[in-house]
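Below, all heavy atoms of this structure are taken into account, side chains as well, without hydrogens, waters or symmetry copies. Letters A, B, ... mirror the listed sequences (proteins, then strands); counts begin at 1. Computed from a predicted model, the values in this text were never measured in an experiment.
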Number of protein chains: 2
Amino acid sequence: MTVTIKDVARLAGVSASSVCRALANPGGVRPDTREQVQRAVRELGYVPNRTARALSTGRTGNLGIVLPDLANPFFAGVVKAAQTRARALDHSVFLSDIDEDPAVETLLIRALLRQVDGFLLCSPRSSDEELRALHGKVPIVLLNRRLTPFPSVTLDAASGMTQALLHLHVLGHKRVAYVAGPRTSWANRERLRGLRSAAESRPIEVIEVGTAPPTVEGGAAMADVVLRTGVTAVLAFNDLTALGLLNRLRDRNFHVPEEISVIGFDGILLSSLVSPALTTIGVDMERIGQAGVDLLLETMADPAHPPAHRKLPTQLIVRSSTDVVRPH
Amino acid sequence: MTVTIKDVARLAGVSASSVCRALANPGGVRPDTREQVQRAVRELGYVPNRTARALSTGRTGNLGIVLPDLANPFFAGVVKAAQTRARALDHSVFLSDIDEDPAVETLLIRALLRQVDGFLLCSPRSSDEELRALHGKVPIVLLNRRLTPFPSVTLDAASGMTQALLHLHVLGHKRVAYVAGPRTSWANRERLRGLRSAAESRPIEVIEVGTAPPTVEGGAAMADVVLRTGVTAVLAFNDLTALGLLNRLRDRNFHVPEEISVIGFDGILLSSLVSPALTTIGVDMERIGQAGVDLLLETMADPAHPPAHRKLPTQLIVRSSTDVVRPH
DNA sequence: CGTCAGTCTGGAACCGTTTCCGGAATATTG
DNA sequence: CAATATTCCGGAAACGGTTCCAGACTGACG
């Protein structure tokens with residue numbers, strides 16, 4: 001039924017170990033046996049069984065990617081890039097969508113533990129302790145979260161927020177709201193922190209508004225709260241939230257950007273398609289996914305190596321959802 | 001380092017085979033040994049090595065999902081649902097994004113062949129022959145493609161197209177364009193067929209317009225071609241394409257829906273957020289992913305069983321991108 | 001109490017590959 | 001040509017489970 005290394009060995013007239021060597025390091029066998037083996041491999045269409053190899057070597061050639069919500073185009077983009085990169089480096093990818101539920105996160109990880117060589121955790125929602133408990137068991141790279149002793153890929157939220165606030169400042173805004181993301185999100189805290197510190201040196205007041213699931217619905221639900229604060233501009237945790245705001249504001253007959261400016265975060269494709277097109281703090285999802293995989297593979301190659309960190313730039317993309325403050 | 005079945009066996013004072021039995025079918029061992037084993041398992045935190053199990057049983061507990069483009073929210077939605085369903089049924093998921101490249105599709109499949117118990121192929125781009133060559137090697141369920149002898153989950157495109165055309169008919173449209181998707185897409189052919197057959201019984205002419213990558217850019221690129229045809233309405237292969245059209249038409253100062261009506265396909269969230277909100281033929285992505293996994297698991301359980309087919313309904317969602325024809 | 005059926009258990013083989021080890025064959029050197 | 005160094009190969013063990021098989025034990029029954 002399925003062709004194994006022994007079939008190849010028999011056909012090539014050599015032993016299984018020679019077949020193995022011929023394939024693993026072709027220099028380790030005589031040219032003629034290598035030729036024999038290769039011919040047999042071709043003839044039988046032999047493909048090594050990676051499961052068996054994994055058992056024997058302890059390396060699976062698989063990566064695990066865990067993320068909060070694949071329906072968020074940001075994560076979809078990151079995963080796509082990561083998967084592509086992983087394949088280029090001859091690795092396959094296990095995908096786990098935890099649906100924003102911190103509880104299943106560590107469970108999922110433990111379930112996949114022995115089936116992967118390492119994990120890429122995208123915006124993990126677990127507590128510091130839970131994550132740390134995993135350290136040493138398996139190589140892990142954190143995306144969108146910084147936590148000793150893990151390597152990580154993060155975004156320069158402070159820079160993005162500074163750019164955004166400068167933009168708003170120039171437009172004359174004095175009071176801005178921040179619609180927060182999940183409490184368990186490190187990126188959320190980081191963005192708020194960046195925003196606050198950017199506001200310190202300017203005559204701008206930042207008002208934090210509740211916490212919303214980082215989705216369109218979540219953003220929509222916060223629109224009324226934002227309006228009640230009387231701010232002239234609002235920054236959202238991410239684009240999805242901003243889009244929800246945009247929509248609900250329109251329903252309320254509030255005009256963006258004339259009456260209120262809106263700024264998102266991520267720069268998903270979608271944000272350029274709505275109208276008014278969303279001003280947002282853009283990031284390079286492709287680079288994030290790619291950097292994550294690269295870092296992970298480095299960590300796997302040398303787990304003892306001190307954890308590396310990559311902080312990727314953010315870039316304010318000014319579109320049509322922000323404008324000067326007008327008296328009314 | 002890592003705790004194996006032998007460690008459990010030693011601690012429990014039984015043999016490895018008993019541990020195995022105690023875990024696999026608890027009824028097969030005496031209550032007190034079962035208790036011993038369970039205690040040892042808990043104490044050591046033993047988790048069976050699925051790789052080893054796979055080698056021994058031939059079943060991996062993994063599913064492979066292959067799709068053309070994760071950046072398309074339709075596929076992201078389907079994968080999310082499929083992954084969730086798979087986990088509920090105690091299976092993990094390998095993800096492969098082929099980036100719309102038919103060539104890598106079968107390669108990827110073959111690479112994962114022995115690491116999964118079955119494949120869910122979403123809108124596969126390979127030829128009938130290539131796919132058929134895989135039959136018998138591994139259980140496969142096709143999504144968005146019907147091809148003997150595979151089980152499949154498809155959409156009732158004909159119904160959706162009929163609903164759409166009826167809608168346009170009522171609005172007075174006589175000439176409509178169809179912006180095609182990839183040539184290799186079965187769904188594309190099916191949608192066009194459905195559209196044509198729906199048009200037959202009505203005084204409506206359907207003009208097929210080139211083929212575009214099923215993306216926003218692809219749709220945008222086709223806008224001018226559509227305009228040159230002088231149609232009053234255009235149906236796009238999918239929402240992304242429709243969104244691209246919408247955008248480019250706006251750039252050209254063409255008003256939707258006053259001057260031209262636009263209809264999409266899929267009903268991705270995004271389509272409701274743009275303005276004008278897109279009229280589209282909606283599908284239940286969650287159900288698609290779930291049905292796909294269910295079908296696949298049934299097929300895996302009994303490969304000899306005649307292939308099952310699920311044709312899921314489509315539902316026209318009328319929003320603001322369609323309106324009556326106006327003379328000008 | 002002996003026999004038998006039935007239950008439970010441990011040992012061993014096996015899944016497909018890798019890797020270590022020792023020996024055979026070949027090449028190198030004096 | 002003998003002695004030694006080197007290359008190449010096959011056998012066997014190992015990875016961590018599962019499953020078959022045969023034997024030990026239990027209880028029931030005559």
Five-pair end axes of the helix from C/dC1-D/dG30 to C/dG30-D/dC1, angle between them (10°): 50°
Residue pairs passing the salt bridge (Lys or Arg N to Asp or Glu O under 4.0 Å) test where at least one lies in residues 69-86 of chain B, sequence neighbours excluded: A/Asp69-B/Lys80, A/Lys80-B/Asp69, A/Asp97-B/Lys80, A/Asp99-B/Lys80, B/Arg85-B/Asp294
Salt bridge (Lys or Arg N to Asp or Glu O under 4.0 Å) contacts in which one or both residues fall within residues 299-309 of chain B, not counting sequence neighbours: none
Heavy-atom side-chain proximity of A/Val283 to A/Phe74 below 4.5 angstrom: yes
For B/Gln36, side chain to side chain donor-acceptor pair (under 3.5 Å) partners two or more places apart: none
Neighbours of DNA chain C within residues 107-115 of chain A, by heavy-atom distance under 4.0 Å: none
Salt bridge (charged side-chain N to carboxylate O under 4.0 Å, His left out) between B/Glu298 and B/Arg310, intermediate numbers included: CA-CA 13 Å; B/Glu298 287 168 24; B/Arg310 291 238 224 301; 3.7 Å; yes
Sequence neighbours left out, cut at 3.5 Å: what donor-acceptor pairs do the side chains of residues 111-119 of chain A make with other protein atoms?
residue: A/Gln115; atom: OE1; partner: B/Asn62; partner atom: ND2; Å: 3.3
residue: A/Asp117; atom: OD1; partner: A/Thr60; partner atom: N; Å: 2.7
residue: A/Asp117; atom: OD1; partner: A/Thr60; partner atom: OG1; Å: 3.0
residue: A/Asp117; atom: OD2; partner: A/Thr60; partner atom: N; Å: 3.3
residue: A/Asp117; atom: OD2; partner: A/Gly61; partner atom: N; Å: 2.8

Any N/O pairs under 3.5 Å between the protein and nucleotides 6-8 of chain D? List them or say none.
none

By side-chain contact (heavy atoms from CB on, under 4.5 Å) - contacts of A/Ser56 (at least two apart): none
Any residue meeting side chain to side chain donor-acceptor pair (under 3.5 Å) with A/His309, in chain and number order, not counting sequence neighbours: A/Arg146, A/Ser152
Give me, pair by pair, the N or O atoms of the protein and of nucleotides 18-20 of chain C that are less than 3.5 Å apart, along with how far apart they are.
residue: C/dT18; atom: OP1; partner: A/Arg53; partner atom: NE; Å: 2.8
residue: C/dT18; atom: OP1; partner: A/Arg53; partner atom: NH2; Å: 3.2
residue: C/dT18; atom: O4'; partner: A/Ser56; partner atom: OG; Å: 2.7

Any residue meeting side-chain contact (heavy atoms from CB on, under 4.5 Å) with B/Pro73, in chain and number order, not counting sequence neighbours: B/Leu240, B/Ile268
Side chain to side chain donor-acceptor pair (under 3.5 Å) partners for B/Ser96, two or more places apart: none
